[in-house]
Amino acid sequence: MLPRQPFYFLRHGETDWNKARRYQGQRDIPLNAEGRAQAERAKALLRDHSIATICSSPLRRARETAEILNQQLCCPLVVIDGLKECAYGELEGCPKTGPEVDVDWRQGITPPGGEPYAAFSARVLSGLAQSLGHPGPVLVVAHRAVYWPLQQFARLTAEEELPNAHPLRLEPSGSDAEAWCATLL
């Protein structure tokens, strides 16, 4: 269970593999020039939101995004392994052909050598809970698939393509213990 407190989520900036529509998974791909520019724009959007801690995936694209943001935010940056992208196994590096692989994976069909979705989801929710244990408001910098278990847990509207480096504010909604609201900044 996640603590019922507001926080921010940001998918890392663009990489060359995002642009080429390749599965990155746990490959440690750096940001490209557009990804760095996206992080700069996100930095401006987050400037007035009193972020107290940034929690980042250990993968370079997320860490690099977090470091660019922290040039403005100047707060502790904590790397949390549970926020790492899923392992897509043999698909890593391959072109994406459509949403079917992701849909199938989320329904229990694991790519060869990949991480089962249930294990991934448990790891992510644990990493998010660990993140929210830090002084807040917390900014989580992670990956597209890391958002999916959060969406499911918090009963958020499905958004298949979370934009690169566009911050979301998430906050508990009403008295329902699991309902949350997500707002793009």
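Only this structure's heavy atoms are used, side chains among them; waters, hydrogens and symmetry mates stay out. For the single chain, residues carry numbers from 1 onward in sequence order.
In this structure, L83 and G127 approach most closely via the heavy-atom pair CD2-C, 3.9 Å. Between G13 and A165 the shortest heavy-atom distance is CA-CB, 4.0 Å. Across all their heavy atoms, R4 and A179 have their closest contact at NH1-O, 3.7 Å. Of all the heavy atoms in E92 and W17, the pair that sits closest is C-CZ3, 4.5 Å.
The backbone N or O of I29 lies less than 3.5 Å from no partner atom in the side chain of R60, so there is not a single donor-acceptor pair. Judged by distance alone, the side chain of N70 and the main-chain N or O of C75 form a donor-acceptor pair under 3.5 Å. Under the 3.5 Å distance criterion, the side-chain polar atoms of T53 are matched with a main-chain donor or acceptor of P135. Looking at Q5, its side chain does come within 3.5 Å of a backbone N or O of L132 through a donor-acceptor pair.
Note that CD of Q130 and CG of L128 are 10.0 Å apart. Values are rounded to the nearest 0.5 Å. Rounding to the nearest 0.5 angstrom, the gap separating the CG atom in L69 from the CG atom in L10 is 6.0 Å. The CZ atom of F9 sits 12.0 Å away from the SG atom of C55 when rounded to the nearest 0.5 Å. One finds the OG atom of S57 at 8.0 Å from the CG atom of D81 (value rounded to the nearest 0.5 Å). I54 contributes atom CD1, which lies 13.5 Å from atom CZ of R63 (distance to the nearest 0.5 angstrom). Taking SG from C181 and CG from L170, the interatomic distance works out to 9.0 Å, rounded to the nearest 0.5 Å.
Side-chain heavy atoms closer than 4.5 Å link hydrophobic residues (I, L, V, M, F, W, Y) into clusters, and following such links, even through other members, never connects V79 to L31. One hydrophobic cluster holds both L162 and F7 under the rule that ILVMFWY side chains link at heavy-atom gaps under 4.5 Å. A chain of hydrophobic side-chain contacts below 4.5 Å, direct or via other Ile, Leu, Val, Met, Phe, Trp or Tyr residues, connects V124 to I80. At a threshold of 4.5 Å between side-chain heavy atoms, the hydrophobic network of Ile, Leu, Val, Met, Phe, Trp and Tyr places V78 and L125 in one connected group. Residues F153 and W148 share a single hydrophobic cluster, defined by chaining ILVMFWY side chains whose heavy atoms lie under 4.5 Å apart.
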query = Does the side-chain contact (heavy atoms from CB on, under 4.5 Å) test come out yes or no for R106 and Q152, once each step is laid out?
reply = CA-CA 11 Å; R106 290 163 76 176; Q152 186 175 12; over 6 Å; no

request  = Kindly indicate, with the supporting measurements, whether the criterion side-chain contact (heavy atoms from CB on, under 4.5 Å) is fulfilled by L139 and L46.
outcome  = CA-CA 9 Å; L139 168 63; L46 289 163; 3.8 Å; yes

task = Please step through side-chain contact (heavy atoms from CB on, under 4.5 Å) for the pair Y8 and V140, ending with a clear verdict.
result = CA-CA 6 Å; Y8 297 85; V140 173; over 6 Å; no

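Using a 4.0 Å cut-off between a side-chain N of Lys or Arg and a carboxylate O of Asp or Glu, R11 and E85 do not qualify as a salt bridge. We find that K19 and D16 are not joined by a salt bridge, their nearest charged nitrogen and carboxylate oxygen being 4.0 Å or further apart. Checked for salt-bridge contact, R169 and E171 meet the test: a charged N lies under 4.0 Å from a carboxylate O. Salt-bridge check for R144 with D102: passed, with a basic side-chain N closer than 4.0 Å to an acidic carboxylate O.
Two residues are said to be in side-chain contact when any heavy atoms from C-beta on lie closer than 4.5 Å; I51 and V138 fail this criterion. Counting only heavy atoms from C-beta outward, the side chains of F120 and V146 approach each other to under 4.5 Å. In this structure, R41 and H166 have side chains that are not in contact, with every pair of non-hydrogen atoms separated by 4.5 Å or more. The side-chain heavy atoms of L150 and W180, taken from C-beta on, include no pair separated by under 4.5 Å.
Annotation: ring-ring contact (aromatic ring centres under 6.0 Å, His included) contacts of Y88 (sequence neighbours excluded): Y23, W105. Applying the ring-ring contact (aromatic ring centres under 6.0 Å, His included) criterion to H143, with sequence neighbours excluded, gives H12.
A side chain to side chain donor-acceptor pair (under 3.5 Å) with T15 is found for one member of R61, R22, Q24 and no other, namely Q24. For the side chain to side chain donor-acceptor pair (under 3.5 Å) with E40, the qualifying choice from R36, Q38, K43 is K43, the only one to do so. Partner of S121 under the side chain to side chain contact (heavy atoms under 4.5 Å, CB included) criterion, out of P116, C86, S126, P149: P149 alone.
Between the side chains of E14 and N32, a donor-acceptor pair is found at a separation under 3.5 Å.
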